J.: 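Let me give you the structure first, and then I'll get to my questions.
Keep in mind that what you see is a predicted model, and the values were worked out from it rather than measured. Quick note on labels: first sequence line is chain A, next is B, and so on, each numbered from 1.
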Amino acid sequence: DTGVSQDPRHKITKRGQNVTFRCDPISEHNRLYWYRQTLGQGPEFLTYFQNEAQLEKSRLLSDRFSAERPKGSFSTLEIQRTEQGDSAMYLCASSLIADTQYFGPGTRLTVL
Amino acid sequence: GENVEQHPSTLSVQEGDSAVIKCTYSDSASNYFPWYKQELGKRPQLIIDIRSNVGEKKDQRIAVTLNKTAKHFSLHITETQPEDSAVYFCAASLGVMDSSYKLIFGSGTRLLVRP
């Protein structure tokens, strides 16, 4: 499968715990985006990378959120001290610069 | 910042009829407008997109129109089939005016095609 993949697909955690998600983009894509989608809403932009550089972060991304793309390939999104309001689908997308964004299947996070 | 509004939130049509979903955007500098289809539990998939130098684009039963003056764009699906049932999202991007090319999405339209 040459599409965008994400792991895990589902994560249930208790409030206050840390969680980490992984995204593997399409191999030749130098852009990687993270979006968050809550029930009944469209995806909201969180942050993006060009190669290994994180170039923009949304105001939605509090200090508890951190993202990395250490070698310009896969990316991780970590949420520290999770809150119930963090429950959402976290979507990753990849693209070539100025081209179509292809989405992964998402990681559904439930914070109890 | 950019804002995208999408209507209707739900749409029910008889199989074979047409469906139209409309979106408006706030930033006149937006120049890229994709449409994504998301089936239950699956990833958003691009079905068609249009850039601001084009007024209309068609791909088989799907077409998108863009009115830059009014800042709105629409998705048209003809001869609807039950497999068209899904949530459809419009999005806008400032493109080269914003080096991130991030997408701003509408809130989605749940389309139900009745057999």
J.: Tell me, yes or no, whether the heavy-atom count around A/Leu39 atom CG, taken from other residues, nucleotides or ligands under 6.0 Å, exceeds 12.
T.: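 For A/Leu39, atom CG is not crowded (no more than 12 foreign heavy atoms under 6.0 Å).
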J.: Is there a donor-acceptor pair under 3.5 Å between the side chain of B/Arg43 and the backbone N or O of A/Val4?
T.: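 Checked: pair present.
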J.: Write out, in numerical order, the residues from residues 66-78 of chain B with a heavy atom short of 4.5 Å from a heavy atom in chain A.
T.: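 Within residues 66-78 of chain B, no residue comes under 4.5 Å of chain A, counting heavy atoms only.
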J.: Could you tell me which residues in residues 51-64 of chain B have at least one non-hydrogen atom under 4.5 Å from a non-hydrogen atom of chain A, sorted by residue number?
T.: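 Result: B/Arg51.
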J.: Would you say B/Val87 ends up clustered with B/Val113 if hydrophobic residues are merged whenever their side chains have heavy atoms under 4.5 Å apart, either directly or through other cluster members?
T.: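 B/Val113 does not cluster with B/Val87.
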J.: Of all the heavy-atom pairs spanning A/Gly104 and B/Pro44, show the shortest one and how long it is.
T.: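 Scanning both residues, the minimum pair turns out to be O-CD, 4.3 Å.
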J.: Taking CG in B/Leu112 as the centre, count heavy atoms belonging to other residues, nucleotides or ligands within less than 6.0 Å. Is the count above 12?
T.: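 Yes - once you tally the heavy atoms of other residues, nucleotides and ligands closer than 6.0 Å, there are more than 12.
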J.: Assigning hydrophobic clusters by single linkage (Ile, Leu, Val, Met, Phe, Trp, Tyr; side-chain heavy-atom cutoff under 4.5 Å), is A/Met89 placed with A/Phe103?
T.: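 Yes, because A/Met89 and A/Phe103 connect within a single hydrophobic cluster, where side-chain heavy atoms sit under 4.5 Å apart.
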J.: Any chance CD of A/Glu52 has more than 12 other-residue heavy atoms, nucleotides or ligands included, within less than 6.0 Å?
T.: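 Yes - once you tally the heavy atoms of other residues, nucleotides and ligands closer than 6.0 Å, there are more than 12.
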J.: Is there a side-chain contact (heavy atoms from CB on, under 4.5 Å) between B/Leu103 and A/Tyr33 once you walk through the steps?
T.: CA-CA 10 Å; B/Leu103 298 176; A/Tyr33 298 81; over 6 Å; no
J.: Honestly curious: do A/Tyr48 and A/Phe65 fall in one hydrophobic cluster under the side-chain, below-4.5 Å linking rule?
T.: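 Each belongs to a different hydrophobic cluster.
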J.: Would you say that A/Gln37 contacts B/Phe89 through its side chain, given a criterion of any heavy-atom pair below 4.5 Å between the two side chains?
T.: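 Yes, side chains in contact.
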J.: Can you tell which part of A/Arg108 gets under 4.5 Å to a heavy atom of chain B, answering side chain, backbone, both or neither?
T.: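 Contact with chain B: none, neither part.
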J.: So which of A/Gln41, A/Arg31, A/Glu44 has the largest heavy-atom pair count under 4.5 angstrom toward chain B?
T.: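 Highest number of pairs under 4.5 Å: A/Arg31.
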J.: Picking from A/Ala93, A/Pro43, A/Pro105, which has the most non-hydrogen pairs under 4.5 angstrom with chain B?
T.: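 Ranked by heavy-atom pairs under 4.5 Å with chain B, first place is A/Pro43.
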J.: Do you know which two heavy atoms are closest between B/Tyr101 and A/Gln101, and how far apart they sit?
T.: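 Reported closest heavy-atom pair: O-NE2, 3.0 Å.
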J.: Between B/Phe105 and A/Phe45, is there a side-chain heavy-atom distance shorter than 4.5 Å?
T.: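 No, too far: nothing below the 4.5 Å cut-off.
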J.: Please classify the contact between A/Leu55 and chain B as side chain, backbone, both or neither, with a heavy-atom cut-off of under 4.5 Å.
T.: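 For A/Leu55, there is no contact with chain B at all, as no heavy atom is under 4.5 Å.
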J.: Hey, any chance B/Trp35 and B/Val4 share a hydrophobic cluster, counting ILVMFWY side chains that come within less than 4.5 Å of each other, even indirectly?
T.: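 Yes, B/Trp35 connects to B/Val4 through the hydrophobic network.
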J.: Hey, any chance B/Tyr36 and A/Leu91 share a hydrophobic cluster, counting ILVMFWY side chains that come within less than 4.5 Å of each other, even indirectly?
T.: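 Yes, B/Tyr36 connects to A/Leu91 through the hydrophobic network.
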J.: Let me know if B/Pro34 has heavy atoms under 4.5 Å from chain A in its side chain, its backbone, both or neither.
T.: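 For B/Pro34, there is no contact with chain A at all, as no heavy atom is under 4.5 Å.
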J.: Less than 4.5 Å to any heavy atom of chain A: does that hold for the side chain of B/Gln38, its backbone, both, or neither?
T.: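 When you check distances to chain A, only side chain atoms of B/Gln38 fall under 4.5 Å.
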